[in-house]
Amino acid sequence: MSYTNPILELEKQKILLKQEYDAEREAFRQQSEARGIGRAVKRGDAWWPLTTGRCYYNSLNQYCIELHRRKDDDTDHNFEHSKPVCFFSLKGEETRKAEKESESNEEERIKKTLAGTGAKPKYLSFTATVSYVEDDRMVVALNNESHAAELQNIEGLGIQLSFDETSYRTMTEALDRVIRSKGNRLAYLRDLFYTDLPPQLFTFGDISLPWLNSAQQHAVNEVLRAKDVAIVHGPPGTGKTTTLVEAIVECLHKESQVLVCAQSNMAVDWISEKLVDRGVPVLRIGNPTRVNDKMLSFTYERLFEAHGDYPELWTLRKAIRDLKKNRKRGDRNFHQKIDRLTSRATEIEMTINQQLFGEARVIACTLVGSANRILEGQKFGTLFIDEAAQALEAACWIPIRRASRIVFAGDHCQLPPTVKSYEALKGGLGITLMERIVRQKPEVVTLLTTQYRMNDEIMRFSSEWFYQGKVVSAPEVRNRSVLDYDIPMLWIDTSDMACREEFVGESYGRINKVEAKLTLAALQLYFDKIGKERVLEERIDVGIISPYRAQVQYLRQLIKQNEYFKPYRKLLSVNTVDGFQGQERDIILISLVRANDEGQIGFLRDLRRMNVAITRAKMKLIILGDAKTMTRHPFYKKLYEYIDAL
């Protein structure tokens with residue numbers, strides 16, 4: 001048996017995590033202090049200007065304030081439940097400067113915004129936490145009631161994502177716990193994942209699930225047989241979520257409750273919704289990203305509030321606050337009153353929690369969210385980690401301590417975790433726990449091999465390059481297309497069209513304005529071929545993808561200005577590769593941006609991102625890119641030749 005010292009490897013993880021922490025903290029400092037607030041707003045990391053709404057105590061006894069941004073601000077934002085935020089004011093001359101910028105002509109405004117306004121915000125001394133957020137309304141939990149009054153009196157109020165100390169602290173604590181573990185289940189799993197120690201299996205025959213294909217059935221059976229670990233490897237369109245939901249449902253025939261986690265709130269929402277559709281009682285810890293009654297109905301906060309004992313708890317909490325606020329000098333019974341009320345409130349809270357957890361079959365939360373105090377003391381037979389190939393190893397160890405066996409699901413040939421420190425990336429921080437186990441224990445991996453999304457010719461390139469040709473198309477999608485006798489993939493070579501990339505700042509990277517205009521011209525030409533009535537009647541949807549944020553922002557502005565696309569706007573979405581993860585569209589256009597004499601393609605060398613981009617299309621994929629620049633890399637050369645031969 002080969003042996004890697006798990007303790008040394010995990011200590012190395014801690015060092016790499018500290019490097020990433022330092023890099024991200026420094027990036028945040030630069031963004032806050034040096035680059036102006038305009039760029040943060042355009043990146044979706046800040047809202048400005050804000051108006052304040054009502055203040056109240058929520059069901060978790062946190063003092064909250066409502067905040068609203070302008071209704072006409074449709075910039076995608078990065079605020080999520082539990083993320084830390086800070087407040088700033090931008091007023092007087094700075095406000096007038098920013099307003100003047102927004103009144104200038106559109107193209108100039110975009111250029112200036114990408115470069116940063118130069119306006120220097122004044123930051124407030126306290127931070128807060130996002131409790132709930134939708135498109136243009138946010139609720140934040142404050143540490144102190146007095147902070148709300150301060151916010152309501154500020155001219156030019158804004159809010160910005162703060163540096164997330166909590167997540168790093170939680171991940172570091174998780175690594176420390178794993179390192180210290182001796183003679184328990186956590187220590188066993190640690191040693192198993194880092195060595196050639198063979199994973200244990202239960203021995204029983206396959207169960208039949210005829211509504212799944214053979215690879216999906218095999219994956220579910222492998223999950224059920226695993227005593228320690230199983231991996232469901234799901235390439236694009238192969239029904240990973242369907243398989244995972246089925247595995248969870250079958251698991252619940254043998255276990256009373258399981259824990260389901262993912263890196264992002266969006267991934268947790270997605271699988272939670274699918275489980276609810278199957279009639280599984282889910283308790284969602286944290287708030288969903290897509291705010292609707294169906295999603296909110298199974299959140300912890302909403303269920304806690306709806307409990308029959310909650311009104312009494314609310315009354316007790318209010319009485320405690322009032323007593324503290326109106327304490328009279330010399331009141332000898334003050335502490336007795338507080339203790340009596342607090343004791344009763346704690347008793348009710350425990351009763352409600354016991355009931356909510358007792359009724360739920362699935363507890364769902366993010367990886368970091370699994371450290372929530374309301375999960376303290378909870379243990380689970382099985383932990384399912386979805387999108388595990390996008391999660392840092394340290395984050396996965398947070399919930400692993402609560403479980404006896406682990407099921408990973410994801411695809412390490414698609415998006416990797418986000419790592420900002422080059423040194424940490426070089427040191428191996430980007431290698432996920434799922435990827436480590438795939439290499440170490442291939443016998444626990446089941447590859448899903450039938451895809452249900454794409455025309456076969458779109459899928460075949462990805463299958464051959466990334467999955468050794470093992471992924472095949474289901475008969476019902478093999479020949480799907482928008483137009484009869486259509487070529488499903490097209491590369492429009494922009495090398496002779498005066499397309500040049502421009503650098504627009506560290507955080508935004510690059511922009512290629514001529515290529516952006518050509519991208520929309522190509523879409524317009526294709527829509528004309530299909531016909532306006534058919535596009536609208538059949539709701540043929542389109543995704544426009546670019547690896548660079550600047551190009552995405554520029555494309556969005558061009559679409560807004562172009563009258564031709566006005567009837568189609570609800571069918572069009574423009575985003576980065578990361579923004580399209582897990583999604584699909586009938587038609588996909590990709591603007592590659594890079595065009596230079598040196599053949600430099602930057603982070604487009606990370607082919608996993610391009611695998612995501614090209615596999616979002618169901619029927620038509622159009623790539624716009626400078627072939628002279630791109631085809632110096634073997635992957636893009638092969639892709640260009642593949643498309644050219646169709």
### Query
Would you say the side-chain atoms of Q581 and Q390 include a donor-acceptor pair closer than 3.5 Å?
yes
#### Entry: Which atom of S162 lies closest to which atom of T127, heavy atoms considered
OG-CG2, 4.2 Å
### Aromatic contact, F126 with F87 (centres under 6.0 Å)
yes
## Note on the structure
Taking every heavy atom of D411 against every heavy atom of Q414, the minimum-distance pair comes out as OD2-NE2, 2.9 Å
### N575 backbone acceptor or donor facing R556 side chain under 3.5 Å
no
### Message
Nearest 0.5 Å, please: how far is CE in M138 from SG in C64?
### Response
12.5 Å
### Task
Give a yes or no on whether a salt bridge exists between K325 and D322, defined as a side-chain N under 4.0 angstrom from a carboxylate O.
no
### Query
Do any N or O atoms from the side chain of H68 and from the backbone of T51 form a donor-acceptor pair under 3.5 angstrom?
no
### Message
Using the rule given for side chain to side chain contact (heavy atoms under 4.5 Å, CB included), can you reason through F88 versus K122, listing the C-alpha separation, both sets of side-chain angles and the distance that settles it, and then say yes or no?
### Response
CA-CA 5 Å; F88 61 86; K122 180 185 175 186; 6.0 Å; no
### Message
Testing the 3.5 Å rule here: is there a donor-acceptor pair between the side chains of Y168 and E24?
### Response
yes
### Task
Please check if the side chain of W47 supplies one atom and the backbone of V41 the other of a donor-acceptor pair under 3.5 Å.
no
### Task
Report yes if some heavy atom in the side chain of F380 is under 4.5 Å from a heavy atom in the side chain of E255; otherwise report no.
no
#### Entry: Cation over ring face, R54 and Y56, 6.0 Å, 45°
yes
### Message
Rounded at 0.5 Å granularity, tell me how far CG in L571 sits from CZ in R539.
### Response
5.0 Å
### Message
Taking the side chain as everything from C-beta on, heavy atoms only, tell me whether L151 gets closer than 4.5 Å to L142.
### Response
yes
### Task
Measure the spacing between CD1 of I65 and CD1 of I159 and express it to the nearest 0.5 Å.
9.5 Å
### Message
When you measure from the centre of the six-membered ring of F298, is the NZ or CZ of R284 closer than 6.0 Å and no more than 45° off the axis?
### Response
no
### Task
Indicate the ring-plane relationship of F357 and Y300, choosing parallel, tilted or perpendicular according to the 30° and 60° boundaries.
tilted
### Query
Is atom CG of D135 surrounded by more than 12 heavy atoms (other residues, nucleotides or ligands) closer than 6.0 Å?
no
### Task
Indicate yes or no: does K570 engage D541 in a salt bridge with an N to O separation below 4.0 Å.
no
### Query
Can you name the residues that form a salt bridge (Lys or Arg N to Asp or Glu O under 4.0 Å) with D45, not counting sequence neighbours?
R43
### Message
Please evaluate residues R585 and S573 with respect to the criterion side chain to side chain donor-acceptor pair (under 3.5 Å), reporting the C-alpha separation (whole Å), side-chain torsions for both, the decisive distance (0.1 Å), and the verdict.
### Response
CA-CA 9 Å; R585 296 291 187 273; S573 44; 3.0 Å; yes
### Query
Looking just at side-chain N and O atoms, do T366 and Q263 make a donor-acceptor pair shorter than 3.5 Å?
no
### Task
In plain terms, say whether E312 and R344 are close enough for a salt bridge, that is, a side-chain N and a carboxylate O under 4.0 Å apart.
yes
### Query
How long is the gap from CD1 on I400 to OG on S181, to the nearest 0.5 Å?
11.0 Å
### Query
Can K240 and D386 be said to form a side chain to side chain contact (heavy atoms under 4.5 Å, CB included), step by step?
CA-CA 9 Å; K240 171 184 66 68; D386 195 13; 2.6 Å; yes
### Query
Taking all non-hydrogen atoms of both residues, which atom of I398 and which atom of A174 are closest, and how far apart?
CG1-CB, 3.6 Å
### Query
Regarding D339 and T342, is there a side-chain donor-to-acceptor distance under 3.5 Å anywhere?
no
### Task
Could you tell me whether a side-chain N or O of D164 sits under 3.5 Å from a main-chain N or O of S167, the two making a donor and an acceptor?
yes
### Message
Looking at every non-hydrogen atom in both residues, tell me the closest pair between A394 and M171 and how far apart they are.
### Response
CB-CB, 3.8 Å
### Message
Assess the residue pair N61 and R321 against the criterion (side chain to side chain donor-acceptor pair (under 3.5 Å)); give the C-alpha distance rounded to whole Å, side-chain angles, the decisive distance to 0.1 Å, and a yes or no.
### Response
CA-CA 10 Å; N61 209 26; R321 290 194 297 269; 2.9 Å; yes
### Message
With rounding to the nearest 0.5 angstrom, report the CD to CG distance, E347 to L316.
### Response
10.0 Å
### Task
Please report the C-alpha distance between E246 and R278 in whole Å, then the side-chain angles of each, then the deciding distance to 0.1 Å, and finally whether the salt bridge (charged side-chain N to carboxylate O under 4.0 Å, His left out) criterion is met.
CA-CA 9 Å; E246 207 56 55; R278 284 293 301 272; 2.7 Å; yes
### Min side-chain heavy-atom separation K14-I179 under 4.5 Å
yes
### Message
Any donor-acceptor pair under 3.5 Å linking the side-chain atoms of E250 with those of H253?
### Response
yes
### Query
Hey, does W270 have a side-chain heavy atom less than 4.5 Å from the side chain of M266?
no
### Side-chain donor or acceptor of N184 paired with backbone N/O of A187 under 3.5 Å
yes
## Note on the structure
In terms of heavy-atom contacts, G158 and L50 come closest through C-CD1, 3.8 Å
### Message
Measuring centre to centre across the rings, with the benzene-like ring taken for any Trp, is Y57 within less than 6.0 Å of W314?
### Response
no
### Query
Can you tell me how far SG of C251 sits from CZ of R361, rounded to the nearest 0.5 angstrom?
10.0 Å
### Polar side chain donor-acceptor pair, Y132 to E301, under 3.5 angstrom
no
### Query
Does the side chain of C261 come within less than 4.5 Å of F384's, by heavy atoms?
no
### Query
Do the non-hydrogen side-chain atoms of P49 and R70 ever get within less than 4.5 Å of each other?
yes
### E584 with R616: basic N within carboxylate O range, under 4.0 Å
no
### Message
Working note: I406 + F193, criterion side chain to side chain contact (heavy atoms under 4.5 Å, CB included); need CA distance, chi angles, decisive distance, verdict.
### Response
CA-CA 11 Å; I406 321 300; F193 294 167; 4.1 Å; yes
### Message
According to salt bridge (Lys or Arg N to Asp or Glu O under 4.0 Å), who are the partners of E349, at least two apart in sequence or on a separate chain?
### Response
R317, R373
### Message
Using side-chain heavy atoms (C-beta onward) and a distance below 4.5 Å, is V232 in contact with V223?
### Response
yes
### Task
Determine, stepwise, if the pair W397 / R190 fulfils side chain to side chain contact (heavy atoms under 4.5 Å, CB included).
CA-CA 9 Å; W397 285 112; R190 173 196 67 203; 4.1 Å; yes
### Message
If the condition is salt bridge (Lys or Arg N to Asp or Glu O under 4.0 Å), which residues does E20 pass it with, not counting sequence neighbours?
### Response
none
### Query
Under the 3.5 angstrom rule, does the side chain of T299 hit a backbone N or O of L296 as a donor-acceptor pair?
yes
### Query
So, the side chain of K379 versus the backbone of R401: is there a donor-acceptor pair under 3.5 Å, distance only?
yes
#### Entry: T382 and R405: CA distance, side-chain angles, deciding distance, side chain to side chain donor-acceptor pair (under 3.5 Å) verdict
CA-CA 5 Å; T382 307; R405 65 177 188 146; 2.8 Å; yes
#### Entry: N144 and S146 side chains, donor-acceptor separation under 3.5 Å
yes
### Query
What are the two closest heavy atoms between I363 and A360, and how far apart are they?
CD1-CB, 3.9 Å
### Task
Give a yes or no on whether the ring-centroid distance for F163 and Y21 is below 6.0 angstrom.
yes
### Query
Does F304 reach the side chain of H307, with side-chain heavy atoms less than 4.5 Å apart?
no
